[in-house]
S.K.: 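One structure, as C-alpha cells, below. Some questions next.
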Amino acid sequence: MNIYGLTIEEMEEYFLSLGSKAFHAKQLFSWLYEKRIEDYKDVTDIKKELVEVISKDYSIERLKIVDIQEDVDVNKYLFELSDGEHIEAVLMRHDYGNSICVSSQVGCNMGCKFCESGRRKKVRNLEVHEMVLQILMIEKELGERISHVVVMGIGEPFDNYDNLVKFLKIINHPKGLAIGARHITVSTCGIVPKIKEFSELDLQFNLAISFHFPNDELRSKIMPINKAYPLDVLMPALKEYVEKTNRRLTFEYILLKDINDTEECALQLAKLVKGLNCYINLIPYNETNNIEFKRSNTVQIMKFYDILKKNKVNVTIRKEFGSKISAACGQLRSKKEEL
Ligand code: SAH
C-alpha cells in the first residue's frame, strides 16, 4: 500500500486504528502535499516510533518517469508503474494556467474504434496513488504549480469509479493538492449509473461526455458503450445531471472525415442538446497510424461549427496540443510497447 493513496479521512481512521490521534493525518498530509517530502525521515512533528510504523504499513515510493517529450506548450510524460506497466500524462500550458491530463487505467475496455487506448484491453485499474503521483511528479519536474486537471488520459474513469473519487478528494482537499473542484474535469464515454452517482457527490467537479455521434446507429457502431446506454437512456441522465448539479456539461465531439462531420449530424446534434445547459467542444481528430479514421478538413470543421452557432448552441473548437508528439490518448504508450 502507498501513502499517496489515502484520503485524509482514511488517514485519520488509520491513526485511530493505531490507537493514536486523528490530527496526525493533517500533519502528514501537510508533509506530503505542502512540504513535498520524499522520505519519512523528514517528518519532524510526529513521534519517531509512530513514523516507523507508518513506513512499514505504507510505502512512500513514487512512480518512475521514463520518457518526456516536449512540444510547444505541451509536455508528455511516460510513467513506469511498479509492475512494469506504462501510463501517460500530458501537461498543457494555457493562458489560464497549467493543466494536466491524467490516466485512470492501464488500457481501456470501452473499445471506441477511433481511440488508440481502446485497441488493447484493460490490463488493470490504476490505484489511487498512481493517479495522485502523476500530478505530484509533473509539478516537481516542472517546478510550477498545476492549476487544472482533466481525467482524459488512458482509461475510462467511471470504470474505476471508487479510486477515481478518492483521487479527486485528495487533489481537491485544501491540505492535499488544493486544486479547486471547478478546475477539475472528468470525462466519460457515458456509463449512465456512474453519471448518476457522480451527480450525488455534491462537489463542484466538471463532467465531460465523449459524445462524438448524434444518433444511435453511428454511435453504437463506433462506441460499444452506446449499446448498453443508448441515446434515449444517456440524454435523460445528462438532463438529470445538469438539473441536480446546476453545472454546465461539456460535450466532446471529435470530427471524423465523412463520418460525423456532415450537416445532417450537426443538425441532429443541435436538436439533441436543445435547452440543455451545456457547451460543445469540437475536437479535430488526432490521426494515429494504426487506425483508419481521418480528420475532417478545416473548412468542414468551420461549417459544422457555423451550423451549431446558427442553432444557438454554445460551441468551441478545441485548441490543439501536441499532435507532433503523439499526445492523443494512448499513442505514446503504444509506441513504447510497440503495439
Ligand atoms: N474514457 C474517457 C476518457 C479518456 S478519452 C472518455 O471516453 O471520455 C479522452 C478523450 O479523448 C475522449 O473524448 C476520447 O474520445 C478522445 N480521443 C481518443 N482518441 C482521440 C484521437 N485520436 N483524437 C482526438 N481525441 C481522441
Side-chain angles (χ1 to χ4, degrees), residues 1-17 22-40 42-43 46 54-55 57-63 77 79 81-82 87 89 91 97-106 124-142 144-188 194 197-198 200-207:
M1 290 190 294
N2 188 296
I3 197 70
Y4 295 105
L6 292 186
T7 63
I8 202 158
E9 292 79 15
E10 285 174 332
M11 217 179 262
E12 284 171 352
E13 274 167 37
Y14 169 67
F15 281 110
L16 292 174
S17 77
F23 70 83
H24 289 318
K26 281 208 184 74
Q27 292 172 311
L28 190 50
F29 247 59
S30 154
W31 286 108
L32 295 173
Y33 299 110
E34 283 168 15
K35 303 181 192 101
R36 307 285 171 103
I37 58 159
E38 293 183 37
D39 192 316
Y40 282 121
D42 296 331
V43 176
I46 303 177
I54 305 168
S55 70
D57 287 340
Y58 291 98
S59 150
I60 192 170
E61 200 190 327
R62 298 183 162 209
L63 313 177
Y77 301 82
F79 291 94
L81 310 177
S82 55
I87 51 158
L91 165 89
N98 291 325
S99 152
I100 288 192
C101 174
V102 304
S103 291
S104 57
Q105 297 179 315
V106 181
R124 65 173 175 86
N125 283 331
L126 287 191
E127 301 291 337
V128 179
H129 71 274
E130 293 169 328
M131 292 190 256
V132 172
L133 282 167
Q134 293 173 53
I135 302 175
L136 210 58
M137 294 190 64
I138 292 178
E139 276 198 341
K140 184 181 174 203
E141 179 70 35
L142 208 63
E144 293 173 32
R145 196 179 135 71
I146 305 299
S147 56
H148 291 69
V149 171
V150 296
V151 189
M152 292 189 188
I154 299 172
E156 166 51 49
F158 281 178
D159 186 37
N160 186 14
Y161 188 81
D162 294 345
N163 287 350
L164 170 82
V165 171
K166 284 181 192 172
F167 156 73
L168 295 176
K169 286 185 172 165
I170 293 169
I171 66 170
N172 176 233
H173 198 280
K175 291 260 172 224
L177 288 177
I179 300 172
R182 287 164 183 268
H183 288 186
I184 299 173
T185 302
V186 177
S187 177
T188 178
K194 296 300 173 192
E197 264 185 68
F198 197 66
E200 281 154 13
L201 274 184
D202 220 14
L203 291 165
Q204 301 289 308
F205 301 120
N206 303 304
L207 184 64

S.K.: If we only count heavy atoms from C-beta on, is the Ser104 to Glu156 side-chain gap below 4.5 Å?
M.R.: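 A side-chain contact under 4.5 Å is absent here.
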S.K.: OG of Ser99 to NE2 of His183: how many Å apart, nearest 0.5 Å?
M.R.: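 That separation rounds to 10.5 Å.
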S.K.: Does Asp39 have any side chain to side chain contact (heavy atoms under 4.5 Å, CB included) partners at least two apart in sequence or in another chain, and if so, which?
M.R.: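 Counting only residues at least two positions away or on another chain, Asp39 forms a side chain to side chain contact (heavy atoms under 4.5 Å, CB included) with Lys41, Asp42.
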S.K.: First locate atom OG of Ser17, then atom CG of Asp57, and finally report the distance between them rounded to the nearest 0.5 Å.
M.R.: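 Going from OG on Ser17 over to CG on Asp57, the span is 8.0 Å.
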S.K.: Looking at Pro157 and Ser187, what are the two nearest heavy atoms and their distance?
M.R.: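 Closest approach of Pro157 to Ser187: CG-O, 3.0 Å.
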S.K.: Is there a donor-acceptor contact under 3.5 Å from the side chain of Glu139 to the main chain of Ile146?
M.R.: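 Here the side-chain-to-backbone pair exists.
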S.K.: Within the 4.5 Å heavy-atom criterion, are Leu81 and Leu126 side-chain neighbours or not?
M.R.: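 Yes, at least one pair of side-chain atoms sits under 4.5 Å.
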S.K.: Using the salt bridge (charged side-chain N to carboxylate O under 4.0 Å, His left out) criterion, which residues pair with Glu144? Sequence neighbours excluded.
M.R.: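 For Glu144, the residues satisfying salt bridge (charged side-chain N to carboxylate O under 4.0 Å, His left out) (neighbours in sequence not counted) are Arg93.
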S.K.: Kindly assign one of parallel, tilted or perpendicular to the pair Tyr161 and Phe198, based on the angle between their ring planes and the thresholds 30° and 60°.
M.R.: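 Rings of Tyr161 and Phe198: perpendicular, over 60°.
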S.K.: Between Ile138 and Phe79, does a side-chain contact (heavy atoms from CB on, under 4.5 Å) hold up when you go through it step by step?
M.R.: CA-CA 10 Å; Ile138 292 178; Phe79 291 94; 4.0 Å; yes
S.K.: Side-chain contact, heavy-atom cut-off 4.5 Å: Trp31 with Tyr40?
M.R.: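 No, side chains not in contact.
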S.K.: Taking side chain as C-beta onward, heavy atoms only, is Phe167 less than 4.5 Å from Asn160?
M.R.: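 Heavy-atom side-chain distance check fails, nothing below 4.5 Å.
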S.K.: Nearest 0.5 Å please: distance from the CG atom of Leu63 over to the CD atom of Gln134.
M.R.: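 Spacing of CG (Leu63) from CD (Gln134) equals 7.0 Å.
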S.K.: Going through the distances and angles, do Lys194 and Thr188 end up as a side-chain hydrogen bond (donor to acceptor under 3.5 Å, both in side chains)?
M.R.: CA-CA 9 Å; Lys194 296 300 173 192; Thr188 178; over 6 Å; no
S.K.: Counting the benzene-type ring for Trp, do Tyr58 and Tyr14 have ring centres under 6.0 Å apart?
M.R.: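 Yes - the distance between ring centres of Tyr58 and Tyr14 falls below the 6.0 Å cut-off.
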S.K.: Could you tell me if the side chain of Lys26 sits less than 4.5 Å from the side chain of Ile8, heavy atoms only?
M.R.: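 SC-SC contact between Ile8 and Lys26 confirmed.
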S.K.: Could you tell me whether the side chain of Val150 reaches within less than 4.5 Å of the side chain of Val102, counting heavy atoms only?
M.R.: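 SC-SC contact between Val102 and Val150 ruled out.
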S.K.: Which pair of heavy atoms, one from Leu136 and one from Tyr4, lies closest together, and at what distance?
M.R.: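 Taking every non-hydrogen atom into account, CD2-CE2, 3.4 Å.
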S.K.: Under the side-chain contact (heavy atoms from CB on, under 4.5 Å) criterion, do Ile184 and His148 qualify, and how do the steps go?
M.R.: CA-CA 6 Å; Ile184 299 173; His148 291 69; over 6 Å; no
S.K.: Taking the side chain as every heavy atom from C-beta outward, state whether Lys140 and Arg62 have any atom pair closer than 4.5 Å.
M.R.: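 Contact flag for Lys140/Arg62 side chains = yes.
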S.K.: Quick one, Tyr77 and Ile100 - any side-chain contact, counting heavy atoms below 4.5 Å?
M.R.: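 Tyr77 vs Ile100: side chains apart.
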S.K.: Under the criterion side-chain contact (heavy atoms from CB on, under 4.5 Å), I'd like the reasoning laid out for Thr185 against Met152: C-alpha separation, chi angles, the key distance, then a yes or no.
M.R.: CA-CA 8 Å; Thr185 302; Met152 292 189 188; 4.2 Å; yes
S.K.: Closest heavy-atom contact between Met131 and Ser103?
M.R.: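 Scanning both residues, the minimum pair turns out to be CG-O, 3.7 Å.
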S.K.: Got a sec: does the CD of Glu10 have more than 12 other heavy atoms crowding it under 6.0 Å?
M.R.: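 For Glu10, atom CD is crowded (more than 12 foreign heavy atoms under 6.0 Å).
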S.K.: Looking at CD of Gln105 and CG of Asn163, how far apart are the two atoms once the value is rounded to the nearest 0.5 Å?
M.R.: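 One gets 10.0 Å once the value is rounded to the nearest 0.5 Å.
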S.K.: Working to the nearest 0.5 angstrom, can you tell me the gap between Ile3 CD1 and Leu32 CG?
M.R.: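 Output value for this atom pair is 6.0 Å.
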S.K.: To the nearest 0.5 angstrom, please state how far the CG atom of Asn2 sits from the CD atom of Glu127.
M.R.: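 Nearest 0.5 Å value for the CG-CD distance: 9.0 Å.
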S.K.: Could you list the donor-acceptor pairs under 3.5 angstrom formed between side-chain atoms of residues 168-177 and any protein atom two or more places apart in sequence or on another chain?
M.R.:
residue: Asn172; atom: ND2; partner: Ile179; partner atom: O; Å: 3.0
residue: His173; atom: ND1; partner: Lys175; partner atom: N; Å: 3.0

